[in-house]
Amino acid sequence: MAEAHSAVAFSFAITHEGVHVNYDREVLHVIFYSGLRSWRRNLRRFVNNVRCGVFPASLTSMALTVGGYNALYLTRDTYASGYDISLGLVDRLRPFIKLEEQAQTVACCSIIACGCWIGASMLMKYTLRFLYMYKGWMYESRGKGGSMSFLTKLWIVTVKLLTRFSRPMLYSYQGALPRLPLPALNQTMSRYLRSVRPLMDDENYSRTEGLVKNFQNGIGKKLQRYLLLKSWWSTNYVTDWWEEFVYLRGRSPLMVNSNFYGTDAILLHPTHLQAARAGNVTHAAFLFRRLVDNQTLEPIMAQALVPLCSYQYERTFNTIRIPGMQTDKIVHFSDSTHIVVYNAGRYFKMPCYYKGKLLNPKELQMQFERILADESVPEKGEATLGALTAGERTPWAEARTKFFNKGINFASLKDIEKAAFVVVLEDDEYDYDPEDPTQLDRFGRAMLHGKGYDRWYDKSFNVIVMKNGRIGFNAEHSWADAAIMSHLWEYVLTEDLIALGYDDEGNCVGKVTCNPPVPTRLKWDFSQECLQAIDTSFRVADALLNDVDLRLLMHTAYGKGFMKGCRLSPDAYTQMALQLAYYRDAGKFNLTYEASMTRLFRDGRTETVRPCTIESSAWVKAMEDKNVSNAKRVELLKMACDQHQLGYRDAMCGKGIDRHLFCLYVVSKYLEVDSPFLNEVLSEPWRLSTSQTPHGQTSKMDLSKNPKCISAGGGFGPVADDGYGVSYIIAGEETIFFHVSSKKSSSVTDSKRFARQIEKALSDMKNLYAGLAKK
């Protein structure tokens, strides 16, 4: 009962002496400022939505239109020879507006002017959408020595004219982005056959041609018609099904299989104080959230001209993936003023706002120091509670329904799920040692899976702060793609290392100006049955993480500077190195996945690029043939890179293969029809799954001035049991980081061996140009 009374903000009692009121001023202050902040957010959101809705027009232009129209109408007898610019509309509106004559005239003119302005703004918006449908610029050479068609030049001038008079907000371009186009069935089938040709002998290829022909002339036509209807009706015919069937309906553990990770800027170590680093990083993350909420975050623009879809940013914070029996769901809360901190097996709810104001880094450091100084011991089962989010999804859904549906377990779980994000204060230290590569490997493993219970894997992201101040993150994948999390992380590192900084003793800069509410321990009460469920999930997670073979490679022999000097795309060059490395490692070619974004379209997420092509396999074979000259190998490499670039551009422009086939497969399942072709395609394993980590998404970081601020990138687990997962970040002119993962249980893979093959492939590719004249 004491706890119940302490939770009440005020109470009153009626006695023979009168009415006695008892209240807690501090609690009422918290309630008042919370409500005030909520009203401000809602008002700001309403205004921003209006501004985004009228883009590329602006509210200023509306005011000028209304004012100008009134001025022209009211002075028509003086300056316009009595000409009625409303064409009689003002007189027609007068009977419906009961005001004095002068006010009536102004009201009628304002209504007409607003109508004209709305019409013009809609015309501008749909004109912009029509212009953004043009993708010819993607396929034309740009930069020094490039040529550009007259049509593209005209397109660029028109786009710039339409967008130059209004400053865009984060979501301003959403209404102007075109829908993702549905490729023609015959085009996808043709691209598919070309992509699998180097993987098959003549007999298997002939059989596959037969399957494709039967599908294209048979059930494929019916499935395509249904998919065409969906592409007309929805803003994106792929995204909702991709999110549901690829992510939310998956029943396997999120840890390793789905979640991905990111690492620190390993060449810098600004402070060894754990609480200070946590304070700066937490403050920077909330600053990013403020930019998203206020829509003042600059939208990402391709070639500084074409916007990328921004819808995924909305769920970055205050988001949780809720487990279900058959399918999970993503829940996003509109606001949260606290985070949850995990330390030494205990969970804390930590307020990050006081009287409606975000705590500064120094105050946040004080909050983290309070948690680190807490000597309380975990409740039984509390330390390993996070294993429930790391294990199979269905047992977690059952446990959540059974053991977390009421009481203190329910309340504490809600605090975690509603938190802005989770911060993990680690007990271990990790660092970068160029003389000991295993240090970086251990750091990567800590970010990818930790101990299998010390992350809340359902949360949109966990920030991990090591005991010596090193940082990283672990992110859930269903709510957004890695590019969004990379943008947040790049912003956080920039604020932390450049803008906020630390004093000479490693503490956060600034002064403590208030005494915020002390972080509170979350309470738990686990039954024996619940403890058994936690242990079962932990054993699943423990077996999974112990099977991970992770190797981080820092390649410093050369980087994108040399690649560009060869007049080759750095991404295509790196992908060719991976093809050569895999062929040498496995002795054959295999289906290869590279993630590409489709955010040039509304609600776009990703598409697959297939780097293993006829051209790439011809080049790899030439590299292994001693009778082929280096000049010929360079020629074949150029052809392979050009073909890869074409495939990448096709994927970005909605001409990919795999998302189309995936959606056709989903339609076939809804219609309960069987397709041998689709069954075979969707069951093909991606034994080499790759992804490039983007950087340079925030204009605040100038890598030419701060080259050591670049993150080492991040990675993910292997997609196939007998395959590799490779993430890479082309970090600078002379550096590339590779994150190579595989499974120890596989007899055909070895991450360290594959990393050595990557190094050798990159070295051999550089040697191709030795002695050859640079063109």
Side-chain angles (χ1 to χ4, degrees), residues 261-285 339-346 348 350 361-362 364-375 383 386 421-455 461-475 489-490 492-510 519 545 550-552 554 706 708-715 731 737 739:
Y261 70 91
T263 60
D264 202 354
I266 63 171
L267 299 179
L268 290 176
H269 199 160
T271 180
H272 285 76
L273 298 181
Q274 187 177 26
R277 195 80 195 273
N280 260 9
V281 169
T282 299
H283 184 80
I339 62 172
V340 164
V341 180
Y342 178 86
N343 171 249
R346 306 154 305 166
F348 293 83
M350 189 181 110
K362 191 75 171 181
L364 289 168
Q365 179 182 345
M366 181 179 69
Q367 293 285 70
F368 286 113
E369 287 171 344
R370 287 170 168 175
I371 292 174
L372 292 171
D374 190 304
E375 297 180 353
F421 52 95
V422 171
V423 172
V424 180
L425 300 178
E426 279 274 14
D427 298 324
D428 300 323
E429 295 187 1
Y430 297 95
D431 213 338
Y432 168 63
D433 183 358
E435 302 300 323
D436 183 9
T438 61
Q439 290 285 332
L440 209 51
D441 299 346
R442 290 176 59 245
F443 186 37
R445 287 177 64 94
M447 299 303 111
L448 176 61
H449 52 65
K451 298 180 179 69
Y453 58 78
D454 53 351
R455 315 276 184 264
F461 67 94
N462 292 241
V463 173
I464 300 125
V465 186
M466 314 311 296
K467 193 173 183 179
N468 62 341
R470 284 293 187 187
I471 60 171
F473 71 83
N474 181 285
W489 197 241
E490 184 176 321
V492 166
L493 288 177
T494 303
E495 287 292 313
D496 173 40
L497 300 173
I498 299 175
L500 299 176
Y502 302 88
D503 63 22
D504 294 338
E505 296 178 353
N507 292 296
C508 294
V509 177
L545 69 89
L550 183 66
R551 174 78 173 98
L552 270 66
M554 182 178 179
N706 305 281
K708 292 185 178 181
C709 286
I710 186 69
S711 165
F737 288 98
H739 300 247

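- Between Y432 and H269, every side-chain heavy-atom pair lies at or beyond the 4.5 Å cut-off.
- The distance from atom CG of L552 to atom CD of Q439, rounded to the nearest 0.5 Å, is 12.0 Å.
- Residues D441 and R551 meet the side-chain proximity criterion, which asks for heavy atoms closer than 4.5 Å.
- Salt bridge annotation for K451-D428: present, with a cationic side-chain nitrogen under 4.0 angstrom from a carboxylate oxygen.
- No side-chain heavy atom of Y430 sits less than 4.5 Å from a side-chain heavy atom of L440.
- Taken from CG in L493 to CD1 in I498, the straight-line distance is 9.5 Å, to the nearest 0.5 Å.
- A pairwise comparison of heavy atoms in D454 and H449 identifies OD1-O, 4.2 Å as the closest pair.
- Inter-residue side-chain proximity for M350 and Q367 is flagged as met; some heavy-atom pair is nearer than 4.5 Å.
- Rounding to the nearest 0.5 Å places NZ of K362 at 4.0 Å from CG of N507.
- Smallest separation of non-hydrogen atoms from R277 and G469: NH1-O, 2.8 Å.
- Rounded to the nearest 0.5 Å, atoms CG (D264) and CE (M447) are 9.0 Å apart.
- Closest approach of Q365 and C508 over heavy atoms only: OE1-N, 2.9 Å.
- The two residues T271 and G506 come nearest to each other via the heavy atoms OG1-O, 2.7 Å.
- For the pair L497/L268, a side-chain contact is recorded, criterion being any heavy-atom separation below 4.5 Å from C-beta on.
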Worked verdict on F461 versus F421 for ring-ring contact (aromatic ring centres under 6.0 Å, His included): CA-CA 6 Å; F461 67 94; F421 52 95; 5.0 Å; yes
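- Salt-bridge annotation for D431 and R470: present, with a side-chain N of the basic residue lying under 4.0 Å from a carboxylate O of the acidic one.
- Side-chain contact, N462 with Y342: no donor N or O sits under 3.5 Å from an acceptor N or O.
- Using a 4.5 Å heavy-atom threshold, the side chains of T282 and F368 count as touching.
- Side-chain contact of N343 with R346: a donor-acceptor pair under 3.5 Å is present, judged by distance alone.
- Of all the heavy atoms in E426 and I464, the pair that sits closest is CG-CG2, 3.6 Å.
- A 4.5 Å side-chain heavy-atom check between D374 and F348 finds at least one atom pair inside the cut-off.
- A distance below 6.0 Å separates the ring centres of Y261 and H739.
- The CD atom of Q274 lies 10.5 Å from the CD1 atom of I371; values are rounded to the nearest 0.5 Å.
- Counting only heavy atoms from C-beta outward, the side chains of W489 and I471 approach each other to under 4.5 Å.
- Closest non-hydrogen pair, L550 versus G444, comes out as CD2-C, 3.4 Å.
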